[in-house]
There are 2 protein chains.
Amino acid sequence: MATIDEFIENAGLYYERLGLSRTAGRIIGCLLADTDQAADAPGLRERLGVAKSSLSVALRQLEQSGLVERYRPTRGRRDHYRLADDVFGRAFRAKMTEFDAFTELAEQGLSVVGQDPVARARLELMRDMYAFMAREFPKLLDEWEQQRSPDAARAVDTTADGSGKPA
Amino acid sequence: MATIDEFIENAGLYYERLGLSRTAGRIIGCLLADTDQAADAPGLRERLGVAKSSLSVALRQLEQSGLVERYRPTRGRRDHYRLADDVFGRAFRAKMTEFDAFTELAEQGLSVVGQDPVARARLELMRDMYAFMAREFPKLLDEWEQQRSPDAARAVDTTADGSGKPA
DNA sequence: CTAGTTGTTCGGATCGTTCCGAACAACTAG
DNA sequence: CTAGTTGTTCGGAACGATCCGAACAACTAG
């Protein structure tokens, strides 16, 4: 049995391994677990015990990577934050860019290595494998979306038009 | 047009983003590009310009993660190093453990979050999605292995029995 | 215009990681 | 046994990343 604080701390650790900062990961944990739909800066600040400035940079980081959305309730004074509807899909796609990066790395290697057949074969294998993954992984995501709900794709599209959901 | 040193440096950067240390990544780049099949410590040391101790820990790290194999030629005095036959497959599988980790994180979240339906639905979605990926991704790897060469699996098995390849 | 609130930016301090050089242990050749 | 070589371990230094508190900018209400 674990507490909510332990869960948030774990989220910080896990997302840190994914390349985010520790506090950014803890924010995600907070938004994941907290039932409060209207998370704002003071609330996060109290829950996480971090400085206002750290929240600012972490939230900007999360917003720019598309994982967290910022919105302001009508006639509200302060920003509120919520997870993007397809947080996990976005996280997957972000990770997926590594495939392209390594494909390019392999191509760069082929351009600088000599004619040694062993090295060339290995680099070609590397290039083809990462290209294969970059090509097939999105299909896996689509497959998941369809399995989850036949009209999941449509739902994602409608939420992507910029109209905020919450009241 | 790039040089071999730039390629090695890029490999260091890319593999560092994957969680390895910088020098470990540069070692991989070296083993990828260098036509010299018999890479040893002095050679790597000269090529990378790092201390002997740094090589030791990085090579141990790479060896324990299964990416690099250490062998000693018959009647040789020093160890030699080569990439594992299925370096990339191993890298993929290592990355894949993140899926399980996040599945467990979602389950932990479900155990600590209340009955709020929104939070629960989101955590269940997270759990199911990562579980789906953890289940489907290995199939993708198998698919690749079969597409590349029908008896690739057999080849991998024979090289895994401990018999060193190089003379 | 003034006062109060919200979000951002900046300099300094702190923390963790990595690296290097030196001492150490293990092994081989002669 | 001795000398030389190879690989490992350890302490200190350097680097990068992150975080905090304070000053700053932007905005709103009255």
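Keep in mind the model is a prediction, meaning the values are calculated, not measured. We name chains A, B, ... by the order of the sequence lines, and we start the count at 1 in each one. The figures that follow rest on heavy atoms only: side chains count, while hydrogens, waters and symmetry mates do not.
- Residue-level contact check: A:Gly76 touches neither bases nor backbone, having no heavy atom under 4.0 Å from any strand.
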Where do B:Arg82 and B:Val68 land on the side-chain contact (heavy atoms from CB on, under 4.5 Å) test, with the steps shown first?
-> CA-CA 6 Å; B:Arg82 64 161 182 270; B:Val68 165; over 6 Å; no
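- Spacing between atom CG of B:Leu62 and atom P of C:dT18 amounts to 13 Å, rounded to whole angstrom units.
- Rounded to an integer number of Å, the gap from CZ of B:Arg22 to P of C:dT18 is 11 Å.
- In the set D:dT9, C:dT9, C:dT5, D:dT9 carries the atom at the smallest distance from any side-chain atom of B:Ser56.
- In terms of position along DNA chain D, the nucleotide closest to B:Arg60 lies nearer the 5' end than the nucleotide closest to the other residue of the pair A:Ser53 and B:Arg60.
- Remark: P of C:dC19 and CD of B:Glu16 are 8 Å apart, rounded to the nearest angstrom.
- Within the nucleic acid shown, A:Arg70 comes within 4.0 Å of sugar-phosphate atoms alone, with no base atom in reach, counting heavy atoms only.
- Residue B:Arg78 places its side chain closer to D:dG7 than to any other of C:dT8, C:dC20, D:dG7.
- One interatomic measurement links the two molecules: CG of B:Leu13 to C1' of C:dT18, which rounds to 15 Å at whole-angstrom precision.
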Passes salt bridge (Lys or Arg N to Asp or Glu O under 4.0 Å), A:Glu145 versus A:Arg148? Steps please.
-> CA-CA 5 Å; A:Glu145 290 288 349; A:Arg148 180 168 68 96; 3.2 Å; yes
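- Taking a pair as Watson-Crick or G-U wobble with both distances under 3.5 Å, DNA chain C forms stems of 3 or more consecutive pairs at C:1-30 with D:1-30.
- Here the side chain of B:Asp86 pairs no donor or acceptor atom with the backbone of B:Gly89 at under 3.5 angstrom.
- Between the side chain of B:Glu136 and the main chain of B:Met133, no donor-acceptor pair closer than 3.5 Å is present.
- Distance A:Ile27 CD1 to D:dC19 C1': 13 Å, rounded to the nearest Å.
- A perpendicular orientation is assigned to the rings of B:Phe88 and A:Tyr130, their planes being inclined by more than 60° (bins at 30° and 60°).
- Distances shown here put every side-chain N or O of A:Ser54 at or beyond 4.0 Å from the OP1 or OP2 atom of D:dC19.
- Remark: P of D:dT6 and CG of B:Asp40 are 9 Å apart, rounded to the nearest angstrom.
- Nearer to the 5' terminus of DNA chain C, by closest-nucleotide assignment, is the contact made by A:Arg77 (compared with the other of A:Arg77 and B:Arg75).
- To the nearest angstrom, P of D:dC27 lies 12 Å from CG of A:Asp79.
- Closest approach to the A:Ala51 side chain among D:dG7, D:dG21, C:dG7 is made by D:dG21 (side chain taken as heavy atoms from C-beta onward).
- For a distance-only test at 3.5 Å, the side chain of A:Lys52 qualifies as a donor-acceptor partner of the base of C:dG7.
- Look at B:Arg45 and B:Asp40 and you find no salt bridge, because none of the NZ, NE, NH1 or NH2 atoms lies under 4.0 Å from a carboxylate O.
- Regarding A:Arg72, its CZ atom lies at a distance of 10 Å from the C1' atom of C:dT5, rounded to whole Å.
- In this pair, B:Phe92 and B:Phe137 present their aromatic rings tilted. The plane angle is within the 30 to 60° band.
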